[in-house]
Amino acid sequence: MPWSRFDSNYEAPAGARDITYCAAIREAIDQAMCLDPRVFCIGLDADDKFGVFGSMSNLTHPERVLGTPISENAMTGVALGAALSGMRPIHVHLRNDFLLVAMDQIANYVAKWQDMFDHQVKVPLVIRSIIGRGWGCGAQHSQSLHGLFAQIPGLKVVMPSSPYDVKGLMLSAVKDDSPVLFLEHRWLYKNTGNVPEAMYTLPIGKAATLRRGGSLTVVATSLAAIHALKACEQQELDVDLIDPRTIKPLDLDTILASVHRTGRLLVVDYDFPFAGFASEVVAAVCERAHESLRQPPQRLCFPDRGMPSSGRLERAYYPTPERIGELMRQMILGSSIDADSFVN
Amino acid sequence: MPWSRFDSNYEAPAGARDITYCAAIREAIDQAMCLDPRVFCIGLDADDKFGVFGSMSNLTHPERVLGTPISENAMTGVALGAALSGMRPIHVHLRNDFLLVAMDQIANYVAKWQDMFDHQVKVPLVIRSIIGRGWGCGAQHSQSLHGLFAQIPGLKVVMPSSPYDVKGLMLSAVKDDSPVLFLEHRWLYKNTGNVPEAMYTLPIGKAATLRRGGSLTVVATSLAAIHALKACEQQELDVDLIDPRTIKPLDLDTILASVHRTGRLLVVDYDFPFAGFASEVVAAVCERAHESLRQPPQRLCFPDRGMPSSGRLERAYYPTPERIGELMRQMILGSSIDADSFVN
Amino acid sequence: MDRKATLKREDGLWMLRRMRLIRQTSERIARLYPTNVMETPVHLCIGQEAVSVGLCRHLRDADKMFLGHRTHGPALAKGLPLPKLMAELYGRTTGCSHAFGGSMHLIDLEHGLPGSSAIIGGSIALGCGAALAAQLGKNDYVGVSYFGDAATNAGVFYESMNFAALRKLPVLFLCEDNGYSNVMPKSAHSAHDIVSVARQFMTTLQADGTDVLSVYEHTGEAVAQLRRGEGPVFLHCATKRWMKHQGHEACDIVDNGIDRERDCPIRKLEAFLLKSRLITPAELAQIEQAVEAEIDAAIQFAESSPFPDPSLLEVS
Amino acid sequence: MDRKATLKREDGLWMLRRMRLIRQTSERIARLYPTNVMETPVHLCIGQEAVSVGLCRHLRDADKMFLGHRTHGPALAKGLPLPKLMAELYGRTTGCSHAFGGSMHLIDLEHGLPGSSAIIGGSIALGCGAALAAQLGKNDYVGVSYFGDAATNAGVFYESMNFAALRKLPVLFLCEDNGYSNVMPKSAHSAHDIVSVARQFMTTLQADGTDVLSVYEHTGEAVAQLRRGEGPVFLHCATKRWMKHQGHEACDIVDNGIDRERDCPIRKLEAFLLKSRLITPAELAQIEQAVEAEIDAAIQFAESSPFPDPSLLEVS
Ligand SMILES: Cc1ncc(C[n+]2csc(CCOP(=O)(O)OP(=O)(O)O)c2C)c(N)n1
Ligand SMILES: Cc1ncc(C[n+]2csc(CCOP(=O)(O)OP(=O)(O)O)c2C)c(N)n1
Ligand SMILES: [Mg+2]
Ligand SMILES: [Mg+2]
């Protein structure tokens, strides 16, 4: 089994090259495909000249990159059938909104197959999807559906924020014998960071602490984590910023340890607010660290409605580093925020 | 507009007939169809001799009951197109697991249509689905997906527990100009209760208090509410039992008022635990009533895995009145429960 | 068919005007697009105007048409006022979707456009739903599902055809086949002949989608069948996409087989009208100018319209 | 075809034994079902045995077959050991799915059964995935998607056919057409002829699904094409469902056109084998008895197997 020679290591090393988030994904996929002939990529427009926003350009094994018709549901079943037959497919989608077309396969088939047969079979299937937003794409092309998919037992949901994480976690996802939903925010693609050239994996289910502080625990993933980090830096806030990296399984231990220290919790989640990932984090923390919380926990999410198109409305719809910073500051000052803006 | 002559009234009257939950649904649908020729029913096996478990048997207008092929996704689009053209369809599914096949239409189309066009159009569409479980139906035929659908902005999610509620809320759902997902637990079908013969509506978004008490607030819907009630009665517990009836929009005011009095919260939700309805209730309460909570809130949900088939496993998978009662009693006694059994 | 004998001048002029409206509007959008005044993706219809215009000459306001992502052409053809389109692209409250929809989500209830969708395939079912509403309500409007060649890859297309055929719904399946799904040619996305498959379910017709008179003729036949209650029709229109899938640039696919002289639906119609003496060269120029003026006014309207207030997003 | 000349005794006996295994097992299940020892829905295959058995005589263990909800027949035909089926129906840990699957979710990796699904339609795509794995890995197994007539109403069927045809996948689309979706007849669920539609995508063959030799013959042709790498095949088998859709009772649809004498695949094969002198009446009786004994043993095994421990549900 070619995958066994990896070490698990989740501390970003120093001294490696700086490459983009996009290049880190590409490198992980290329290395996985070179290492293991069972790995192949499939997806609508996966094989075209755009190379999935560059994340699959010039791969060493183009013969294992398969384009498909607009048939996301059946293609997910095809990927599953191939995974059950010993392959390790990476099924890629240009926008996560299209995953809803494949929901029957994802939720009824992919996620349940192992449970239904008491884990006699492996389902080494990665479903990659890019989260996009902005430029008036509107309600059907701007969602971030990690909260929806995290509800479904049997799916791991990974959404890395840095080039280092995205490479290590992509390799872990491909190596994993259970289905992994891998979500990449388009706005992270050009970010650069330190990424070793050699293959490495990062554990699925282990958070990263992006900033240490003592007054407020902030939980945020993907683009939200980067925005929160920016807000902390801009406003020099004493924040313990945790990026769970994999939202399911969730590294609750790291979050709880932080809340026990800070006594305050804010979850910034770029997703719908009702029964989403932020709800889960708040609920799980309150169940386990009620006594530690000095003030009510808070969530910052999208408004509970579909995305508007006009730039003016888009810019108001999505949280910004400024809004995150403002909320963090208020929480640290202990002032109470009207929670009613988060839930209808 | 034939619907305007209703009064909103949500107190169960005395003296009316006792009929079953199933008969109450049937009566509501039949009355709606008689009142308004724009109301029609559509769905796989909607027109067969079984009459959707009896809930649509012998309707007055069988010519407005349309069977369909196994094409849940397109049929949802057909229902939406008809709703946008002035009809008031009731799209029915024998099991809510099949809704996942129609997820693109439900989440990308039905739920978003009004938001995308700034509510210039009405979408008077009811999606009815029965929640089933037991008898070894397994992971694909035993889900309760209200938490998943409640995440999606633009959908109302209604799941009544009593014959009185189910009739009034079904009429409200059909009367509503926005999409309503209406979930009926199969195990409630034979329950009987007081139901007026005349048409009446109940407000969508208004909880019912099933039992008054001062020591613990329990939030539970549908079958879970009935089980919780049974547990309270069996063990004579001092519980304030709230059945939100419509899980979205959620009547948070009623829940908060109760928590302020009792200082304790338990949510019993017959659904997956991660980022589900129970998470939302706990999170929303903690944000708003942190100071009132005397001890950590708790959730009782399914294990975070697909449903098993064997009767032995099924009976362990689903919470029971006994398990609910036990947990309520422990919470009232103030003992701490290991929360780690709810989230993986 | 002797087209000259049958085509009425008013029909010819109407179609010419609408095609010019779509063409010139699209060209103007392409010119303005790089300046970022329109914050929304645009899927232009240059070269494809004949399809929507030939179709819509036979449709009434009451007929309900559902669109996908490539909306501008068919929406204008069906009757969406240009200022409302422009204001929507400019993200203004006076847009047809009040700035909530953008380019891919246009609506105009008055003109039988109950909305459009950017998720490929699904809106095919909505046209069937409109037709079902017509049938159940004994109304005489028809439903139109308007979609591209690649949308037929989605399962919902077949499910919709089957249901429409089972119920003999008055719905037109209008396939605007430009031979591509983004840069993927039809040969890569369909193993079969789309029309032959559709023929298993319903009457099929085929028109030359670069020739508005061909589309007009076949749509006439199709819509007549629908209005007679004889069940659904699939109308295939082979056409050519002159632009890239999205944005303001010309299509750069090598060997795309496009000859802008030969394939231009507007030139074709103009030549025919001139030859048939249904129009004069002066009138042609006049139409072109009138359309330009209309576009100027629409842009003026859009630019001077207010942006939406962010408070509109508040959820009660 | 002169069947006598070509059918080998060992093939005939194998098919007879498997059909009897399915038939007698199903009958036993029907007898036991009302006693509630099997807490799981059952979709029996009585009358339909010829389809799965004629097919599976041509399949190898390495060939991967994906099933829907009506699993018992095809699973036994493919090689699932009877005790593992019975124990699964009895909800015991020794069941093929360790008591987690029940009647609709059977698995047997050793015999090329990677699982089955109760959501109609979707598993058609999985067979294509197995075929893709074979193609990419240069393995010589084939994929089989086994489904009913009504499963073809689901969009995923068309999407799968298109993809299989585009990639020339070695996958067999096996349509077991019993004419019904629960109590809905085919005329109500399909406006079209299923085979004619499939023919637009790939080679189609049609067998008499009440005659195992007909299925055997056509499957032979189909599987040979797959193994030669010539692309997918759709094999239609018209058959009859003697039972209700689910449960232990006989089908009560009026005018269901079933004549249990005339339509019985087992009688047909027995008559043929006797006439061809490939078998003796004594051997027939012996097979029947051996199968009964096998069933007794399987039930004995199931009944004496342990129930699963609820702690198995704990999520780490
Ligand atoms: C379900 C889904 N998958 C993928 C896409 C991305 N996408 C947008 S347009 C398009 C091509 C559509 O081609 P066609 O239907 O022929 O219409 P055309 O653009 O040629 O007019 C694709 C793949 C989408 N919008 N929806
Ligand atoms: C997506 C979906 N819709 C509806 C059902 C309910 N259902 C179970 S079996 C069945 C009929 C299937 O008919 P067919 O495919 O012909 O197989 P048969 O039962 O005749 O073998 C239906 C409608 C389902 N399981 N999945
Ligand atoms: Mg196209
Ligand atoms: Mg059938």
Side-chain angles (χ1 to χ4, degrees), chain B residues 43-51 66-77 94-102 104-105 132 134-143 272-274 301-318 323 340-344, chain D residues 36-42 68-69 87-93 95 97-106 116-122 147-157 181-186 188-191 245-246 252-253 306-316:
Chain B
L44 176 61
D45 296 335
D47 61 339
D48 74 17
K49 62 177 179 180
F50 306 114
L66 281 53
T68 78
I70 306 180
S71 306
E72 284 88 350
N73 193 39
M75 293 309 105
T76 306
L94 291 175
R95 290 186 183 269
N96 77 154
D97 314 74
F98 306 157
L99 293 173
L100 295 170
V101 182
D104 176 41
Q105 283 290 341
W135 204 251
C137 278
Q140 294 177 329
H141 272 57
S142 314
Q143 298 171 90
F272 302 127
F274 196 94
C301 305
F302 296 160
D304 198 0
R305 53 152 293 140
M307 288 75 186
S309 158
S310 170
R312 283 296 161 95
L313 295 175
E314 270 185 345
R315 286 182 279 278
Y317 185 93
Y318 298 105
R323 268 178 62 207
D340 284 310
S341 54
F342 308 121
V343 182
N344 75 317
Chain D
N36 291 346
V37 286
M38 291 172 253
E39 287 186 68
T40 183
V42 287
H69 60 294
E88 189 61 33
L89 299 180
Y90 272 78
R92 311 298 167 115
T93 53
S97 309
H98 304 175
F100 282 82
S103 166
M104 301 190 290
H105 304 297
L106 305 181
S116 62
S117 163
I119 302 288
I120 302 296
F147 52 90
D149 49 297
T152 69
N153 294 149
V156 67
F157 168 60
S181 167
N182 198 344
V183 297
M184 184 200 272
K186 196 162 57 171
H189 73 55
S190 291
H245 170 66
Q246 196 274 124
D252 62 352
I253 296 172
F307 280 108
D309 188 311
S311 70
L312 288 171
L313 292 180
E314 271 158 35
V315 179
S316 68

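- If you measure heavy-atom distances from B/Leu100 to chain D, you find no contacts under 4.5 Å at all.
- Of all the listed residues (B/Arg315, B/Glu72, B/Lys49), the one sharing the greatest number of non-hydrogen pairs under 4.5 Å with chain D is B/Arg315.
- Residue with the most contacts toward chain D among B/Ala74, B/Cys137, B/Ser310: B/Ser310 (heavy-atom pairs, distance under 4.5 Å).
- Within the 4.5 angstrom heavy-atom criterion, atoms from both the backbone and the side chain of D/Asn36 approach chain B.
- With a 4.5 angstrom heavy-atom cutoff, D/Ser117 touches chain B via backbone and side-chain atoms both.
- A side-chain donor from one of B/Gln143 and B/Asp97 sits under 3.5 Å from a side-chain acceptor of the other.
- Side chain to side chain, D/Ser190 and D/Asn153 meet the donor-acceptor criterion of an N or O pair below 3.5 Å.
- With contacts defined as side-chain heavy-atom distances shorter than 4.5 Å, the pair D/His245/D/His69 qualifies.
- Under the 4.5 Å side-chain criterion, counting only non-hydrogen atoms from C-beta, D/Phe157 is not in contact with D/Ile120.
- Taking D/Gly91, D/Gly101, D/Ala118 one by one and counting their heavy-atom pairs under 4.5 Å with chain B, the maximum is reached by D/Ala118.
- Proximity of D/His98 to D/Pro308: side-chain heavy atoms (C-beta onward) are nowhere separated by under 4.5 Å.
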